[in-house]
There are 2 protein chains.
Amino acid sequence: MFTDVDGRALADFPRPSVAVDTALMTVIPATHDTLARLGVLLVRRPPQSVGAAAGWALPGTFLHEGETLAEAVRRSLEVKAGVTGREPQQLHVFDDPARDDRGWVLSVAHLDVLSFVDLELLRKPANSRIVALPSRLRLPYDHLAIIDLATERLRREYRAHPDPRRLLHESFTIADLRAVHEAVAGRELQKDTFRRLMIDELESLPAAAEGRRGRPAQLFGRSARHAE
Amino acid sequence: MFTDVDGRALADFPRPSVAVDTALMTVIPATHDTLARLGVLLVRRPPQSVGAAAGWALPGTFLHEGETLAEAVRRSLEVKAGVTGREPQQLHVFDDPARDDRGWVLSVAHLDVLSFVDLELLRKPANSRIVALPSRLRLPYDHLAIIDLATERLRREYRAHPDPRRLLHESFTIADLRAVHEAVAGRELQKDTFRRLMIDELESLPAAAEGRRGRPAQLFGRSARHAE
DNA sequence: ATCAATTAGATCAAAATTGCGCTAATAAGG
DNA sequence: CCTTATTAGCGCAATTTTGATCTAATTGAT
């Protein structure tokens, strides 16, 4: 076992518990009277949670030995919400030594994104819910701050590229794409400007008649040369 | 002591050691035959370091109980290099369970910035050096990746605001400012475009004759309304 | 075949941005 | 006082970007 200059091993020093928390973001589809908007997955806290920890929270877990932060995130999303196959991105480490009543805990906040349809297919409805943003729910710890960071990060990514986090499936129209981008941005985007910004990173697919009047909208896939 | 659903306390679970590593960046001033350029502070590894860990590295330390990551960064900069009074910013957590021979260690990479003059005044020359970037030195762990992340982050901040990390002192000319921005950007900037982008966030100060021929350059301070 | 509905995207004017040449202002040197 | 050196920043043309209007293309309904 390695020792430091004082002759002590790492294990001799107090160490924090390390938790991961994840803002798993999605776009809640438009209804007849609402626009599409950002949402986040929350999970139900265990029944013995008390005080501010009661109710709902972002999915999270403690880091286990031998796993990476991303592996811990995936485990927490699967166990807590039934969601698999994610690629989370780190946001920030919340490190106030007094932030958790249970002891010294660092929390590494993450962002991940999944389409609403896939999320609805995967998640366990008994233990989880999708909440539209901004939300007025009270959440424990730094979870509101995590959601804000995640929103900012996602908005920045979507400013630069067409649907970088694959909220849309394999083929979509420019109107579909713009609706998703408007949901992420939280504001309306000008259709011509939007089209010009995105078109170079899109690949035209054969248009398909939609079974309704009017010229069928061009279908697009992502350009292979701009794979994330 | 709090327990989880399995009845065990946090202390019952293996926990990682958490380290902090910092890219303390500066701008190395121009000489008669070089342009100003980015540099980073390295510290000498302890003599018993072997293999890849020998030689030079970014300053770092293990997180002690009861301190925040920023406090640990400050402690490491002071102890290792004699540098005080910093406000580090988190970059990324390096979490490969096998990344350190000594055991399970997470490293939280940070960025901080200090003017060359102040850094030269503070640092211990015996234990530290400032290395121009890009550097061809071999560094241990993820230190090259940390420097790359720090460089990107700094470039992004400098794109948007005049000298956000206060590399310049209280008053400066537009030429001084542009030289610093060019050092950070790693490329030449067009003087009129640069001036137009920055001028609104600058506050004119009375010009002072410079003791050399020609119209004295306008002096600026940072506009109070755009305080970081 | 004609009409209505819907989309694609060209065209255009306006606005914004860029970079260069140049002059006025202001200093020190002679 | 004149000359040289240096900076500030204006004026301008070129380029880029934006957003609106409008027409052509293409569908389903009649």
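Throughout, a chain's letter reflects where its sequence line sits, starting with A, and its residues are numbered from 1.
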Pairs under 3.5 angstrom, nitrogen or oxygen only, protein versus nucleotides 27-29 of chain C, please.
residue: C:dA27; atom: O4'; partner: B:Gly214; partner atom: O; Å: 3.4
residue: C:dA27; atom: N3; partner: B:Gly214; partner atom: N; Å: 2.8

Quick one: [X] [atom1] to [N] [atom2], roughly how many Å, whole number?
{"X": "B:Phe172", "N": "D:dA8", "atom1": "CZ", "atom2": "P", "value": "13 Å"}
{"X": "A:Ile199", "N": "D:dT17", "atom1": "CD1", "atom2": "P", "value": "16 Å"}
{"X": "A:Lys191", "N": "D:dC22", "atom1": "NZ", "atom2": "P", "value": "14 Å"}
{"X": "A:Gln218", "N": "D:dT27", "atom1": "CD", "atom2": "P", "value": "12 Å"}
{"X": "B:Phe194", "N": "C:dT18", "atom1": "CZ", "atom2": "C1'", "value": "15 Å"}
{"X": "A:Asp176", "N": "C:dA8", "atom1": "CG", "atom2": "P", "value": "10 Å"}
{"X": "A:Leu219", "N": "D:dT27", "atom1": "CG", "atom2": "P", "value": "12 Å"}
{"X": "B:Arg178", "N": "C:dG19", "atom1": "CZ", "atom2": "P", "value": "12 Å"}

Under the salt bridge (Lys or Arg N to Asp or Glu O under 4.0 Å) rule, what pairs show up with a residue in residues 108-127 of chain B, not counting sequence neighbours? B:Arg86-B:Asp112, B:Asp112-B:Arg165, B:Glu120-B:Arg123
For the side-chain hydrogen bond (donor to acceptor under 3.5 Å, both in side chains) test, which of A:Gln89, A:Gln90, A:His92 pairs with A:Arg153?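 That would be A:Gln89.
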Answer yes or no: are there more than 12 heavy-atom neighbours, outside B:Leu35 itself, under 6.0 Å from its atom CG? no
Would you tell me whether B:Asp148 and B:Thr151 have side-chain atoms, one donor and one acceptor, within less than 3.5 Å of each other?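 Note: B:Asp148 and B:Thr151 side chains miss the donor-acceptor criterion.
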Between the protein and nucleotides 11-17 of chain C, which nitrogen or oxygen pairs are less than 3.5 angstrom apart?
none

If each of A:Leu197 and B:Ala175 is mapped to the nucleotide of DNA chain D with the nearest heavy atom, which maps nearer the 5' terminus, i.e. the 5' end? B:Ala175
Under 4.0 Å between a side-chain nitrogen and a carboxylate oxygen: does that hold for B:Arg74 and B:Glu78? no
Under 3.5 Å, side chain of [X] to main-chain N/O of [Y], donor-acceptor pair present?
{"X": "A:Arg99", "Y": "A:Tyr141", "answer": "no"}
{"X": "A:Asp142", "Y": "A:Phe94", "answer": "no"}
{"X": "A:Asp100", "Y": "A:Val105", "answer": "no"}

Phosphate oxygens OP1/OP2 of D:dA20: is one of them under 4.0 Å from a side-chain N or O of A:Gln190?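 Looking at the OP1 and OP2 atoms of D:dA20, one of them is under 4.0 Å from a side-chain N or O of A:Gln190.
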pair A:Glu152-A:Arg155: side-chain heavy atoms closer than 4.5 Å: no
